[in-house]
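Notes to accompany the following structure.
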Number of protein chains: 2
Amino acid sequence: MNRPTICPKFEKAISLLSQRWTALVIYQLLSGTQRFSEIQSSIGISGKVLSERLKDMEHHGIVKRKVIPDTPVIIEYSLTEKGMSLEPILREIENWSQLWIQLENVSS
Amino acid sequence: MNRPTICPKFEKAISLLSQRWTALVIYQLLSGTQRFSEIQSSIGISGKVLSERLKDMEHHGIVKRKVIPDTPVIIEYSLTEKGMSLEPILREIENWSQLWIQLENVSS
DNA sequence: ATACTTACTTACATAAAGTAACCTATTTAG
DNA sequence: CTAAATAGGTTACTTTATGTAAGTAAGTAT
């Protein structure tokens, strides 16, 4: 019932990138190393889901996690080479959004 | 609590494209006009969600729907100009997936 | 009349995401 | 000493999204 007309690598990439929040987190990290709470406040994701996503991305080799045993502890997240290689995709989306997306008026 | 450090147009584009199935449907339609059941069987989506997604995409001006009152009725879906303009994004993802995604062995 | 087709919709079940409160360790304030 | 703050989470519970299966409409074939 489910014959893979579509390339499985492509499908895998899509399912990774279209996980909710994943692309936004990567986009944030494109501008450099950030801490948990910075990412959280910049994209408005809940702590629960952010910690899930960061774990997933670590497993996928997209994000690096560095623990600095200061007090309180500092944990820095950054992109790996694989993560960085997603930049062209995000830039295409950014570019497309400027050309084709129009904002609705969200309360005056 | 949710301060928009990120461009709202970009965020909107991301939320559109990372809706589950949306990117795969667009990708399918890049190869030309298709019918409901063709899309359904090629990407393995349920009829319920496919009809939801197609409606959403119509609202977003990405997909065109053409009814041909044959019997049984034929309904053709294709990309609008806006939909077509997403091609570079999908191609970047395709390209990235070939370079960076490795398949696991899924049963011998 | 019955069965078949396409493109759906509806009802119900499960999975994913959101919210708020809590946890651990350490430092600072009173 | 107790209370509050901080960073980075986790836990329990609720809401939303998705999946599954069965049903619908209109017309055709048998």
Side-chain angles (χ1 to χ4, degrees), chain A residues 1-6 11-12 14-29 32-60 63-79, chain B residues 1-6 11-12 14-26 28-29 32-60 62-79:
Chain A
M1 196 155 268
N2 183 344
R3 51 264 191 60
T5 310
I6 288 184
E11 268 198 85
K12 227 181 146 186
I14 288 286
S15 78
L16 172 63
L17 293 173
S18 64
Q19 271 267 74
R20 195 165 186 187
W21 301 110
T22 297
L24 284 178
V25 171
I26 295 167
Y27 183 75
Q28 268 300 301
L29 292 177
T33 297
Q34 286 181 46
R35 299 173 66 174
F36 192 91
S37 51
E38 288 179 290
I39 301 171
Q40 199 179 356
S41 61
S42 63
I43 65 179
I45 185 180
S46 74
K48 176 199 165 192
V49 179
L50 181 55
S51 73
E52 276 175 23
R53 284 301 170 276
L54 288 168
K55 271 182 214 160
D56 290 350
M57 292 186 210
E58 240 192 301
H59 284 138
H60 284 287
V63 159
K64 271 191 296 269
R65 182 187 143 108
K66 186 180 173 190
V67 180
I68 299 170
D70 205 342
T71 178
V73 69
I74 291 173
I75 296 177
E76 288 184 346
Y77 292 95
S78 57
L79 294 176
Chain B
M1 197 155 268
N2 184 343
R3 52 267 193 59
T5 310
I6 288 185
E11 267 199 87
K12 227 181 145 186
I14 288 287
S15 80
L16 172 63
L17 293 173
S18 63
Q19 271 266 73
R20 194 165 188 187
W21 300 110
T22 297
L24 284 178
V25 171
I26 295 167
Q28 268 300 301
L29 292 177
T33 296
Q34 285 181 46
R35 300 174 64 176
F36 191 91
S37 51
E38 289 179 289
I39 301 170
Q40 199 178 358
S41 61
S42 64
I43 65 179
I45 186 180
S46 75
K48 176 198 166 193
V49 179
L50 180 55
S51 74
E52 276 175 21
R53 285 300 171 275
L54 289 168
K55 270 183 214 159
D56 291 350
M57 292 187 211
E58 241 193 300
H59 284 138
H60 285 287
I62 283 176
V63 159
K64 272 192 295 268
R65 182 186 142 109
K66 186 180 174 191
V67 179
I68 299 170
D70 205 342
T71 179
V73 67
I74 291 173
I75 297 177
E76 287 184 344
Y77 293 95
S78 57
L79 294 176

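All figures in this text were calculated on a predicted structure; none of them were measured in a lab. Side chains included, hydrogens not; waters and symmetry mates left out as well; all remaining heavy atoms used. Chain letters run A, B, ... following the sequence lines, proteins first and then strands; every chain starts at 1.
- Nucleotide D:dT6 holds its C1' atom 16 Å from the CD1 atom of A:Ile68, rounded to whole Å.
- Here the shortest heavy-atom pairing between B:Glu58 and B:Val63 reads CG-O, 3.4 Å.
- Atoms CD1 and CG, from A:Ile6 and B:Leu24 in turn, are 4.5 Å apart once rounded to the nearest 0.5 Å.
- A straight line from CD of B:Glu38 to C1' of C:dT6 spans 12 Å, rounded to a whole angstrom.
- Between the CD atom of A:Gln40 and the P atom of D:dA7 there is a distance of 11 Å, rounded to whole Å.
- A donor-acceptor pair under 3.5 Å is formed between the side chain of A:Gln34 and the backbone N or O of A:Gln28.
- Atom pair A:Leu50:CG and D:dA7:P shows a separation of 14 Å (rounding to whole Å applied).
- In this structure, CD of A:Glu76 is placed 14 Å from P of D:dA7, rounded to the nearest angstrom.
- OP1 or OP2 of C:dA7 lies within a sub-4.0 Å distance of a side-chain N or O belonging to B:Arg35.
- Atom CG in B:Leu16 sits roughly 15 Å away from atom P in D:dA17 (whole-Å rounding).
- Atom OH in A:Tyr77 sits about 8 Å away from atom P in D:dG8, given to the nearest Å.
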>> Can you build the contact string for nucleotides 9-17 of chain C? Use B for base contact, S for sugar-phosphate-only contact, and - for no protein heavy atom under 4.0 Å.
In response: BBB-----B
>> Before you tell me yes or no, could you show the steps for B:Leu54 and B:Phe36 under side chain to side chain contact (heavy atoms under 4.5 Å, CB included), namely the whole-Å CA-CA distance, both residues' side-chain angles and the distance that decides it to 0.1 Å?
In response: CA-CA 9 Å; B:Leu54 289 168; B:Phe36 191 91; 3.8 Å; yes
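- The heavy-atom pair separating B:Tyr77 from B:Arg35 by the smallest distance is CD1-C, 4.4 Å.
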So which protein N/O to nucleotides 23-30 of chain C N/O distances come out below 3.5 Å?
from: C:dT26; atom 1: O3'; to: A:Thr71; atom 2: OG1; distance (Å): 3.0

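- Fit an axis to the five pairs at each end of the helix from C:dA1-D:dT30 to C:dG30-D:dC1 and the two axes sit 30° apart, to the nearest 10 degrees.
- Put simply, OG1 on A:Thr22 and CG on A:Leu16 are 6.0 Å apart, with the number rounded to the nearest 0.5 Å.
- Of all heavy-atom pairs spanning A:Leu79 and A:Lys64, the tightest one is O-NZ, 3.4 Å.
- Applying the side chain to side chain donor-acceptor pair (under 3.5 Å) criterion to B:Arg20, with sequence neighbours excluded, gives no partner residue.
- At a threshold of 4.0 angstrom between heavy atoms, the contacts of A:Ile74 are confined to the sugar-phosphate backbone, with no base atom among them.
- Applying the salt bridge (Lys or Arg N to Asp or Glu O under 4.0 Å) test to residues at least two apart or on different chains, the pairs with a partner in residues 44-54 of chain A are A:Arg53-A:Asp56.
- Listed by chain and residue number, A:Ile93, B:Ile26, B:Leu86, B:Ile89 satisfy the side chain to side chain contact (heavy atoms under 4.5 Å, CB included) test with B:Leu17 (two or more places apart in sequence, or in another chain).
- Going from atom CD1 of B:Ile39 over to atom C1' of C:dC8 covers 13 Å, rounded to whole Å.
- B:Ile68 and B:Val73 get closest at one heavy-atom pair: O-CG2, 3.5 Å.
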